[in-house]
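Each remark here refers to the structure printed beneath this line.
The figures that follow rest on heavy atoms only: side chains count, while hydrogens, waters and symmetry mates do not.
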2 protein chains.
Amino acid sequence: MGRKSLKEIRQLEIIKMFYKVAKKEGYENTSIAKIAKVMDINPSLIIHYFETKEDLTYALIDYILDRYLLIYSIKSKDGITKEDLKQTIVLLFSKKWNTLFDDGLFYTFYALAFREKKIKAKYKTILDSLRLALADMISQCNARQEIQVPAPKTTADFIFVILDGAYFYLSMETDKNAYALRLESYKQKAFELLGITA
Amino acid sequence: MGRKSLKEIRQLEIIKMFYKVAKKEGYENTSIAKIAKVMDINPSLIIHYFETKEDLTYALIDYILDRYLLIYSIKSKDGITKEDLKQTIVLLFSKKWNTLFDDGLFYTFYALAFREKKIKAKYKTILDSLRLALADMISQCNARQEIQVPAPKTTADFIFVILDGAYFYLSMETDKNAYALRLESYKQKAFELLGITA
DNA sequence: ATATAAATTGAATGAATGTTCAATTTATTT
DNA sequence: AAATAAATTGAACATTCATTCAATTTATAT
């Protein structure tokens, strides 16, 4: 009896709008009232679905990290070929996903992780799962004898170190040409590690 | 006539306290009132020395980036030997400066740079100057024929890519042992790039 | 001592914050 | 049509925020 629950639907709507506003104006400038205003609903409705702003923030972080995983689209599946591996590297070192994903917010919450263990754990999980998935791909290609990479786990980790370090610097680079050239050279390093010619 | 200006002294005092409070409670939770309370002064005095909170924030960022440069202590000087270079790498890949420097705040403002061009420019300048200084050290060692590194600038850049990428991941690592082992392996990579045995 | 200028205080501002709670609206079942 | 339960609103809450401005204190030079 009574009314059908809209909880999950509304929650997702709110999170998405939170993401949208925070992307534009920054997380620290995004209040519950602002989100409510844009959605043309009452602020107390947001509190109704997320008891505190903290809960809402955690939900947003989960949303962002899920997207982060998705965009990288490294799937744990069988039958990975050298070509799959190659395409994955190309994808990792391309920034076409940039339009879908907001680096600013990703780093904002990354910074927050330094003071909040829960967030730190979330990030760690994501970073580890990406490494694991890439290592698995490398192992499969090894098994097929398409490549000979001595330590798949270490190599996968190092490729992500390069990737993260690359974007850390490149995010501050405004010159598009310089950006592209550098990114390309970092990609080459990754290919070298895998013994693949691009 | 009149009173001697305390402007610079007070400003520095305020910045230092801002840093201290923000380090403990986070930048977004640090208000002018809080800083004033800890300093046992009136909030309006802070506004008197920094017209807006924005100005105060910029000052704090400058303070942090100056420290960042200092702690890495890569100096542009002549007469660099292979041993100096070696020690610099060891320093870069050690975290003894961790106690002096707050990563959380560094990343907080790094994240802020995505929305504020001014901050982005500041960070870019720092990142570039570090790379340039290291490249210069490598070149000097090349000239002494102590090492043979083909492209000093590219190599210096790549070492910092590894360094930044390493800390990006390691900051989320809570296991101290795993942390130390990984950091050591990344350092070895840097030494390999320089053709130096550690 | 007096003048001067900077340091510092204190009170007040309006706006925005997250959150509460009771009242009302709306959809669904019987 | 009546009952029910969730959705949604609206008003109110105390708190905190950055900032203002006039008043006062304090140090220095003449």
Side-chain angles (χ1 to χ4, degrees), chain A residues 1-61 63 105 108-109 112 115-116 118-119, chain B residues 1-61 63 105 108-109 112 115-116 118-119:
Chain A
M1 247 193 254
R3 216 175 141 168
K4 206 174 71 179
S5 174
L6 296 176
K7 195 169 183 178
E8 286 166 33
I9 297 166
R10 273 277 176 279
Q11 281 186 330
L12 190 59
E13 281 179 2
I14 294 166
I15 291 169
K16 280 185 179 177
M17 195 55 76
F18 189 10
Y19 174 71
K20 198 174 174 182
V21 176
K23 180 179 172 175
K24 197 180 175 188
E25 309 194 22
Y27 165 68
E28 61 274 16
N29 301 318
T30 307
S31 64
I32 291 178
K34 273 190 191 173
I35 303 167
K37 195 172 191 178
V38 179
M39 294 182 77
D40 199 30
I41 60 171
N42 207 285
S44 54
L45 190 59
I46 295 179
I47 291 290
H48 176 246
Y49 285 114
F50 301 89
E51 297 197 1
T52 64
K53 203 200 175 183
E54 198 185 14
D55 289 348
L56 179 57
T57 297
Y58 283 138
L60 177 58
I61 292 173
Y63 177 73
L105 283 179
T108 296
F109 294 126
L112 216 60
R115 273 179 301 112
E116 309 233 12
K118 245 191 236 176
I119 302 179
Chain B
M1 246 192 249
R3 213 175 144 170
K4 204 174 73 178
S5 175
L6 296 176
K7 195 169 184 179
E8 285 166 33
I9 298 166
R10 274 278 175 278
Q11 281 185 330
L12 191 58
E13 279 179 5
I14 293 166
I15 292 169
K16 281 185 177 175
M17 194 55 76
F18 189 10
Y19 174 71
K20 198 175 175 182
V21 175
K23 180 178 172 175
K24 197 180 177 190
E25 309 194 21
Y27 166 67
E28 61 274 16
N29 301 318
T30 307
S31 63
I32 291 178
K34 271 190 191 172
I35 303 166
K37 195 171 190 178
V38 179
M39 294 182 78
D40 199 31
I41 60 172
N42 206 285
S44 54
L45 190 59
I46 295 179
I47 292 290
H48 176 246
Y49 285 115
F50 301 90
E51 297 198 359
T52 65
K53 203 200 174 184
E54 198 186 14
D55 289 348
L56 179 57
T57 296
Y58 283 138
L60 177 57
I61 292 173
Y63 176 72
L105 283 178
T108 295
F109 293 125
L112 215 60
R115 275 179 298 110
E116 308 233 12
K118 245 192 237 178
I119 301 179

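- Taking the C1' atoms of five terminal pairs at each end of the helix from C/dA1-D/dT30 to C/dT17-D/dA14, the two resulting helix axes are inclined by 30°, rounded to 10°.
- Among A/L45, A/I15, A/I32, the one residue that satisfies the side-chain contact (heavy atoms from CB on, under 4.5 Å) test with A/F50 is A/I15.
- Of the charged side-chain nitrogens involved, at least one lies within less than 4.0 Å of a carboxylate oxygen, so that A/E13 and A/R10 count as a salt-bridged pair.
- Residue whose closest nucleotide on DNA chain D sits further toward the 5' end, between B/T52 and B/G2: B/T52.
- The pair B/E28-A/R115 counts as a salt bridge, with a side-chain nitrogen and a carboxylate oxygen less than 4.0 angstrom apart.
- A/F50 comes within contact range of no nucleotide atom at all, as no heavy-atom separation falls under 4.0 Å.
- In terms of phosphate contacts, B/S31 brings a side-chain nitrogen or oxygen within less than 4.0 Å of OP1 or OP2 of D/dC17.
- Applying the side-chain contact (heavy atoms from CB on, under 4.5 Å) test to B/K34 and every residue at least two apart in sequence or in another chain returns B/E25, B/N29, B/S31.
- In this structure, B/I47 reaches the bases: a heavy-atom distance under 4.0 Å links it to at least one base atom across the strands shown.
- In the 5' to 3' direction, nucleotides of DNA chain C lying under 4.0 Å from heavy atoms of chain A begin and end at C/dT17 to C/dT30.
- Ring centroid separation for the pair B/Y27 and B/F109 comes in under the 6.0 Å cut-off.
- Atom CD1 of A/I41 sits about 8.5 Å away from atom CD1 of A/I35, to the nearest 0.5 Å.
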